[in-house]
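What you are looking at is a predicted structure, and each value in this text was computed from that prediction instead of being measured.
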Amino acid sequence: MNKIERLETEKQRLEEQNRINRRALVTLERKLAKFEEIREQRDWLLDEMTKKISDLSRFQSELFKSERFSAIGEMSARLAHDMRNPLAIIKNTVEIAKIKHAPRIPVELQNLLATIDAASSRLVFQLDQVLNFVRISPLHCDEYSLRKILKSAIGKIVVPDDVKLHVPDKDVLVYCDAEKIEAVFTNLIMNSIQAMDNSGDVVIRFIQTSGTVCIEVEDSGPGIPDGLLEKIFEPLFTTKSRGTGLGLPTVKSIIQQHEGTINVTSNPTTFSILLPK
(Lines give C-alpha, C1' and ligand atoms only; values in the text may rest on other atoms or scores of the structure.)
Protein backbone atom coordinates (compact mmCIF):
# COMPACT_ATOMS: atom_id res chain seq x y z
CA MET A 1 0.00 0.00 0.00
CA ASN A 2 1.51 3.27 -1.09
CA LYS A 3 1.59 6.44 1.00
CA ILE A 4 -1.48 8.01 -0.63
CA GLU A 5 -3.60 4.93 0.09
CA ARG A 6 -2.44 4.86 3.70
CA LEU A 7 -3.37 8.51 4.11
CA GLU A 8 -6.75 7.90 2.50
CA THR A 9 -7.38 4.96 4.85
CA GLU A 10 -6.32 7.04 7.86
CA LYS A 11 -8.61 9.86 6.75
CA GLN A 12 -11.60 7.47 6.52
CA ARG A 13 -10.76 6.04 9.94
CA LEU A 14 -10.59 9.53 11.46
CA GLU A 15 -13.85 10.56 9.79
CA GLU A 16 -15.54 7.45 11.16
CA GLN A 17 -14.09 8.13 14.61
CA ASN A 18 -15.32 11.72 14.32
CA ARG A 19 -18.84 10.51 13.47
CA ILE A 20 -18.73 8.12 16.45
CA ASN A 21 -17.55 10.98 18.72
CA ARG A 22 -20.30 13.29 17.45
CA ARG A 23 -22.94 10.62 18.11
CA ALA A 24 -21.51 10.11 21.59
CA LEU A 25 -21.53 13.88 22.18
CA VAL A 26 -25.17 14.15 21.07
CA THR A 27 -26.07 11.25 23.37
CA LEU A 28 -24.19 12.89 26.23
CA GLU A 29 -25.94 16.24 25.60
CA ARG A 30 -29.31 14.49 25.67
CA LYS A 31 -28.42 12.78 28.93
CA LEU A 32 -27.27 16.11 30.38
CA ALA A 33 -30.56 17.75 29.31
CA LYS A 34 -32.49 14.87 30.87
CA PHE A 35 -30.40 15.20 34.02
CA GLU A 36 -31.15 18.94 34.15
CA GLU A 37 -34.84 18.20 33.76
CA ILE A 38 -34.68 15.63 36.58
CA ARG A 39 -32.78 18.14 38.73
CA GLU A 40 -35.47 20.78 38.13
CA GLN A 41 -38.17 18.25 39.01
CA ARG A 42 -36.25 17.37 42.18
CA ASP A 43 -35.98 21.04 43.17
CA TRP A 44 -39.71 21.52 42.48
CA LEU A 45 -40.58 18.47 44.57
CA LEU A 46 -38.37 19.72 47.41
CA ASP A 47 -40.09 23.15 47.27
CA GLU A 48 -43.53 21.51 47.28
CA MET A 49 -42.55 19.24 50.15
CA THR A 50 -41.24 22.22 52.13
CA LYS A 51 -44.51 24.09 51.51
CA LYS A 52 -46.60 21.08 52.54
CA ILE A 53 -44.56 20.62 55.72
CA SER A 54 -44.97 24.34 56.48
CA ASP A 55 -48.74 24.14 55.79
CA LEU A 56 -49.03 21.05 58.01
CA SER A 57 -47.11 22.75 60.80
CA ARG A 58 -49.33 25.83 60.52
CA PHE A 59 -52.47 23.67 60.43
CA GLN A 60 -51.36 21.81 63.58
CA SER A 61 -50.61 25.11 65.29
CA GLU A 62 -54.01 26.55 64.29
CA LEU A 63 -55.77 23.34 65.37
CA PHE A 64 -54.06 23.47 68.75
CA LYS A 65 -54.93 27.16 69.09
CA SER A 66 -58.53 26.47 68.03
CA GLU A 67 -58.90 23.67 70.58
CA ARG A 68 -57.37 25.86 73.29
CA PHE A 69 -59.64 28.80 72.43
CA SER A 70 -62.63 26.47 72.34
CA ALA A 71 -61.90 25.29 75.88
CA ILE A 72 -61.22 28.84 77.05
CA GLY A 73 -64.39 30.00 75.29
CA GLU A 74 -66.59 27.44 77.03
CA MET A 75 -65.12 28.32 80.41
CA SER A 76 -65.38 32.08 79.72
CA ALA A 77 -68.99 31.79 78.59
CA ARG A 78 -69.89 29.89 81.76
CA LEU A 79 -68.10 32.38 84.01
CA ALA A 80 -69.49 35.41 82.17
CA HIS A 81 -73.03 34.05 82.36
CA ASP A 82 -72.69 33.26 86.07
CA MET A 83 -71.22 36.70 86.84
CA ARG A 84 -73.91 38.67 85.02
CA ASN A 85 -76.61 37.72 87.52
CA PRO A 86 -74.89 39.07 90.68
CA LEU A 87 -73.82 42.17 88.74
CA ALA A 88 -77.43 42.75 87.70
CA ILE A 89 -78.46 42.44 91.35
CA ILE A 90 -75.82 45.01 92.34
CA LYS A 91 -76.98 47.45 89.66
CA ASN A 92 -80.65 47.01 90.53
CA THR A 93 -79.98 47.38 94.27
CA VAL A 94 -78.10 50.65 93.66
CA GLU A 95 -80.94 51.94 91.48
CA ILE A 96 -83.57 51.00 94.09
CA ALA A 97 -81.52 52.66 96.85
CA LYS A 98 -81.21 55.86 94.82
CA ILE A 99 -84.93 55.93 93.97
CA LYS A 100 -86.26 55.08 97.45
CA HIS A 101 -83.82 57.02 99.60
CA ALA A 102 -82.64 59.81 97.28
CA PRO A 103 -83.64 62.71 99.61
CA ARG A 104 -81.89 61.17 102.63
CA ILE A 105 -78.68 59.98 100.90
CA PRO A 106 -75.69 62.24 101.65
CA VAL A 107 -73.75 63.59 98.67
CA GLU A 108 -70.69 61.52 99.55
CA LEU A 109 -72.75 58.32 99.55
CA GLN A 110 -74.42 59.33 96.27
CA ASN A 111 -70.95 59.61 94.72
CA LEU A 112 -70.03 56.18 96.05
CA LEU A 113 -73.22 54.69 94.63
CA ALA A 114 -72.49 56.34 91.27
CA THR A 115 -69.00 54.78 91.32
CA ILE A 116 -70.48 51.33 92.06
CA ASP A 117 -73.02 51.78 89.25
CA ALA A 118 -70.36 52.88 86.75
CA ALA A 119 -68.02 50.01 87.69
CA SER A 120 -70.76 47.39 87.47
CA SER A 121 -71.90 48.82 84.10
CA ARG A 122 -68.33 48.52 82.84
CA LEU A 123 -68.15 44.89 83.99
CA VAL A 124 -71.49 44.08 82.35
CA PHE A 125 -70.21 45.59 79.09
CA GLN A 126 -66.99 43.53 79.23
CA LEU A 127 -68.91 40.36 80.05
CA ASP A 128 -71.25 41.03 77.13
CA GLN A 129 -68.19 41.31 74.87
CA VAL A 130 -66.94 37.95 76.11
CA LEU A 131 -70.36 36.34 75.57
CA ASN A 132 -70.78 37.90 72.12
CA PHE A 133 -67.39 36.53 71.09
CA VAL A 134 -67.68 32.98 72.42
CA ARG A 135 -71.37 32.45 71.55
CA ILE A 136 -71.88 32.14 67.80
CA SER A 137 -75.66 32.17 67.62
CA PRO A 138 -77.50 31.62 64.32
CA LEU A 139 -78.45 34.66 62.25
CA HIS A 140 -82.02 35.95 62.17
CA CYS A 141 -81.98 37.86 58.91
CA ASP A 142 -84.49 40.08 57.20
CA GLU A 143 -84.37 43.23 55.11
CA TYR A 144 -83.52 46.19 57.34
CA SER A 145 -82.72 49.88 57.03
CA LEU A 146 -79.00 50.27 57.63
CA ARG A 147 -79.46 53.89 58.72
CA LYS A 148 -82.08 52.83 61.29
CA ILE A 149 -79.72 50.18 62.70
CA LEU A 150 -76.95 52.78 62.89
CA LYS A 151 -79.17 55.29 64.73
CA SER A 152 -80.19 52.58 67.22
CA ALA A 153 -76.52 51.78 67.86
CA ILE A 154 -75.63 55.46 68.36
CA GLY A 155 -78.51 55.80 70.82
CA LYS A 156 -76.85 53.21 73.06
CA ILE A 157 -73.44 54.93 73.07
CA VAL A 158 -72.34 57.78 75.31
CA VAL A 159 -70.87 60.18 72.74
CA PRO A 160 -68.51 62.76 74.31
CA ASP A 161 -69.25 66.43 73.66
CA ASP A 162 -66.03 66.85 71.67
CA VAL A 163 -66.84 63.99 69.30
CA LYS A 164 -68.89 64.65 66.17
CA LEU A 165 -70.56 61.76 64.34
CA HIS A 166 -71.19 62.20 60.60
CA VAL A 167 -74.05 59.92 59.58
CA PRO A 168 -75.01 59.15 55.94
CA ASP A 169 -78.03 61.04 54.59
CA LYS A 170 -79.05 58.28 52.20
CA ASP A 171 -80.38 54.98 53.48
CA VAL A 172 -79.54 51.46 52.28
CA LEU A 173 -81.59 48.29 52.71
CA VAL A 174 -79.57 45.20 53.68
CA TYR A 175 -80.56 41.60 54.30
CA CYS A 176 -78.95 40.98 57.68
CA ASP A 177 -79.35 40.23 61.38
CA ALA A 178 -80.17 43.72 62.69
CA GLU A 179 -79.10 43.02 66.28
CA LYS A 180 -75.68 41.74 65.23
CA ILE A 181 -75.03 44.55 62.74
CA GLU A 182 -76.00 47.01 65.49
CA ALA A 183 -73.29 45.41 67.66
CA VAL A 184 -70.84 45.93 64.78
CA PHE A 185 -71.67 49.66 64.62
CA THR A 186 -71.47 49.98 68.42
CA ASN A 187 -68.04 48.35 68.61
CA LEU A 188 -66.55 50.28 65.69
CA ILE A 189 -67.85 53.69 66.82
CA MET A 190 -66.74 53.14 70.42
CA ASN A 191 -63.36 51.96 69.14
CA SER A 192 -63.05 55.18 67.10
CA ILE A 193 -64.04 57.38 70.05
CA GLN A 194 -61.46 55.72 72.29
CA ALA A 195 -58.77 55.91 69.58
CA MET A 196 -59.38 59.69 69.26
CA ASP A 197 -59.17 60.11 73.05
CA ASN A 198 -62.79 61.37 73.13
CA SER A 199 -62.19 64.27 70.72
CA GLY A 200 -62.53 64.35 66.93
CA ASP A 201 -64.72 63.31 64.01
CA VAL A 202 -66.14 59.92 63.12
CA VAL A 203 -67.41 59.64 59.54
CA ILE A 204 -69.71 56.77 58.58
CA ARG A 205 -70.40 56.05 54.91
CA PHE A 206 -72.70 53.70 53.02
CA ILE A 207 -71.52 52.89 49.48
CA GLN A 208 -74.01 50.86 47.46
CA THR A 209 -73.43 48.81 44.30
CA SER A 210 -75.71 46.43 42.44
CA GLY A 211 -74.91 43.44 44.66
CA THR A 212 -73.00 44.70 47.68
CA VAL A 213 -72.99 47.38 50.36
CA CYS A 214 -69.76 48.88 51.66
CA ILE A 215 -69.80 50.38 55.16
CA GLU A 216 -66.91 52.64 56.12
CA VAL A 217 -66.14 53.96 59.61
CA GLU A 218 -63.36 56.55 59.56
CA ASP A 219 -61.97 58.52 62.49
CA SER A 220 -59.62 61.47 62.85
CA GLY A 221 -57.43 59.77 65.44
CA PRO A 222 -53.65 59.30 65.27
CA GLY A 223 -53.90 56.13 63.18
CA ILE A 224 -52.71 52.56 63.78
CA PRO A 225 -48.97 51.72 63.65
CA ASP A 226 -48.11 49.46 60.71
CA GLY A 227 -46.90 46.71 63.02
CA LEU A 228 -50.31 46.47 64.70
CA LEU A 229 -52.58 46.52 61.64
CA GLU A 230 -52.39 42.76 61.17
CA LYS A 231 -53.03 42.04 64.87
CA ILE A 232 -56.07 44.14 65.72
CA PHE A 233 -58.56 41.40 64.76
CA GLU A 234 -56.75 38.79 66.88
CA PRO A 235 -58.63 37.66 70.02
CA LEU A 236 -57.37 39.20 73.28
CA PHE A 237 -55.08 41.68 71.51
CA THR A 238 -55.64 45.22 72.73
CA THR A 239 -53.69 48.45 73.13
CA LYS A 240 -56.14 49.84 75.70
CA SER A 241 -55.46 49.49 79.41
CA ARG A 242 -59.14 48.66 80.06
CA GLY A 243 -59.90 46.78 76.86
CA THR A 244 -60.88 43.12 76.58
CA GLY A 245 -59.38 42.56 73.13
CA LEU A 246 -62.65 40.99 71.97
CA GLY A 247 -64.54 43.91 70.39
CA LEU A 248 -62.93 43.83 66.93
CA PRO A 249 -62.68 40.01 66.77
CA THR A 250 -66.42 39.94 67.54
CA VAL A 251 -67.04 42.41 64.70
CA LYS A 252 -65.02 40.24 62.30
CA SER A 253 -66.89 37.10 63.39
CA ILE A 254 -70.28 38.77 62.81
CA ILE A 255 -69.26 40.03 59.37
CA GLN A 256 -67.97 36.58 58.39
CA GLN A 257 -71.29 35.07 59.53
CA HIS A 258 -72.95 37.42 57.02
CA GLU A 259 -70.53 36.15 54.32
CA GLY A 260 -68.89 39.57 54.23
CA THR A 261 -65.36 40.88 54.67
CA ILE A 262 -63.76 43.54 56.85
CA ASN A 263 -60.38 45.24 56.58
CA VAL A 264 -58.68 48.28 58.05
CA THR A 265 -56.33 50.94 56.70
CA SER A 266 -54.58 53.70 58.58
CA ASN A 267 -54.00 57.45 58.30
CA PRO A 268 -56.87 58.00 58.56
CA THR A 269 -58.00 54.85 60.33
CA THR A 270 -60.81 53.43 58.21
CA PHE A 271 -62.69 50.18 58.78
CA SER A 272 -64.27 48.93 55.53
CA ILE A 273 -67.00 46.29 55.58
CA LEU A 274 -68.31 44.64 52.45
CA LEU A 275 -71.69 42.91 52.78
CA PRO A 276 -73.82 41.14 50.17
CA LYS A 277 -77.18 42.93 49.77
Side-chain angles (χ1 to χ4, degrees), residues 73 76-77 80-81 84 87-88 91 120-160 163-196 198 200-208 212-219 221 232-233 235 238 240 242-264 269-277:
S76 300
H81 184 268
R84 282 184 102 263
L87 278 172
K91 282 183 65 64
S120 57
S121 295
R122 177 67 187 171
L123 281 173
V124 168
F125 171 75
Q126 291 185 329
L127 289 173
D128 284 342
Q129 282 202 319
V130 172
L131 288 170
N132 287 334
F133 179 71
V134 297
R135 290 184 311 195
I136 302 180
S137 56
L139 298 178
H140 300 286
C141 294
D142 205 338
E143 194 171 63
Y144 292 99
S145 157
L146 205 54
R147 198 165 183 270
K148 188 175 180 181
I149 296 174
L150 174 59
K151 284 192 171 183
S152 177
I154 293 172
K156 297 177 181 177
I157 299 171
V158 178
V159 181
V163 169
K164 185 173 182 181
L165 298 181
H166 302 266
V167 178
D169 293 326
K170 293 184 178 179
D171 197 7
V172 176
L173 295 178
V174 180
Y175 188 76
C176 67
D177 185 314
E179 186 177 340
K180 289 186 181 252
I181 296 300
E182 182 181 304
V184 167
F185 281 130
T186 302
N187 273 289
L188 290 182
I189 294 171
M190 289 181 62
N191 186 76
S192 294
I193 291 171
Q194 292 167 3
M196 298 187 303
N198 298 333
D201 292 275
V202 180
V203 181
I204 302 153
R205 305 184 189 92
F206 299 154
I207 303 167
Q208 185 176 196
T212 61
V213 172
C214 179
I215 303 168
E216 291 185 350
V217 179
E218 176 187 312
D219 66 62
I232 62 171
F233 291 113
T238 180
K240 308 183 188 86
R242 299 174 65 188
T244 61
L246 295 175
L248 292 177
T250 299
V251 167
K252 183 177 181 180
S253 176
I254 291 172
I255 297 305
Q256 288 177 336
Q257 268 193 288
H258 284 79
E259 298 183 359
T261 59
I262 180 169
N263 62 72
V264 60
T269 299
T270 306
F271 288 89
S272 300
I273 296 170
L274 199 64
L275 289 173
K277 286 186 68 176

Under the rule for side-chain hydrogen bond (donor to acceptor under 3.5 Å, both in side chains), what residues qualify as partners of D171, not counting sequence neighbours?
S145

Only counting residues at least two apart or in another chain, list the ones meeting side-chain hydrogen bond (donor to acceptor under 3.5 Å, both in side chains) with N198.
none

Quick one, L248 with L188, criterion side-chain contact (heavy atoms from CB on, under 4.5 Å). Give me CA distance, side-chain angles, the key distance, then yes/no.
CA-CA 8 Å; L248 292 177; L188 290 182; 3.8 Å; yes

Write down the atom of [X], the atom of [Y], and the distance for their closest heavy-atom approach.
X    : Y    : result
I204 : F206 : CG2-CE2, 4.1 Å
F233 : P249 : O-CG, 3.5 Å
V202 : S192 : CG2-CB, 3.9 Å

Can you list the residues that meet the side chain to side chain contact (heavy atoms under 4.5 Å, CB included) rule with [X], with sequence neighbours excluded?
X    : result
E216 : R205, I207, C214, T270, S272
K91  : D117, S120, S121, V124
T261 : L274

Nearest-0.5 Å distance, [atom1] of residue [X] to [atom2] of residue [Y]:
X    : Y    : atom1 : atom2 : result
N263 : K252 : CG    : NZ    : 10.0 Å
I189 : L165 : CD1   : CG    : 6.0 Å
D177 : Y144 : CG    : OH    : 7.0 Å
C141 : K180 : SG    : NZ    : 9.5 Å

From CA spacing to verdict: side-chain contact (heavy atoms from CB on, under 4.5 Å), V264, T269:
CA-CA 7 Å; V264 60; T269 299; 4.2 Å; yes

Pairs of donor and acceptor atoms involving the side chains of residues 146-159, under 3.5 Å and at least two apart or interchain, shall be tabulated with distances.
unit_1: R147; atom_1: NE; unit_2: P168; atom_2: O; d: 2.6
unit_1: S152; atom_1: OG; unit_2: E182; atom_2: OE1; d: 2.8
unit_1: K156; atom_1: NZ; unit_2: E182; atom_2: OE2; d: 2.6

Is any side-chain heavy atom of V251 closer than 4.5 Å to one of F271?
no

If you define the side chain from C-beta out and look only at heavy atoms, does anything of L173 sit under 4.5 Å from Y175?
no

Working note: V163 + M196, criterion side-chain contact (heavy atoms from CB on, under 4.5 Å); need CA distance, chi angles, decisive distance, verdict.
CA-CA 9 Å; V163 169; M196 298 187 303; 4.1 Å; yes

Residue from I273, L139, V184, V174 passing side chain to side chain contact (heavy atoms under 4.5 Å, CB included) with H258:
L139

Distance-only, no hydrogens or angles: does the N187 side chain make a donor-acceptor pair with backbone N or O of A183 under 3.5 Å?
yes

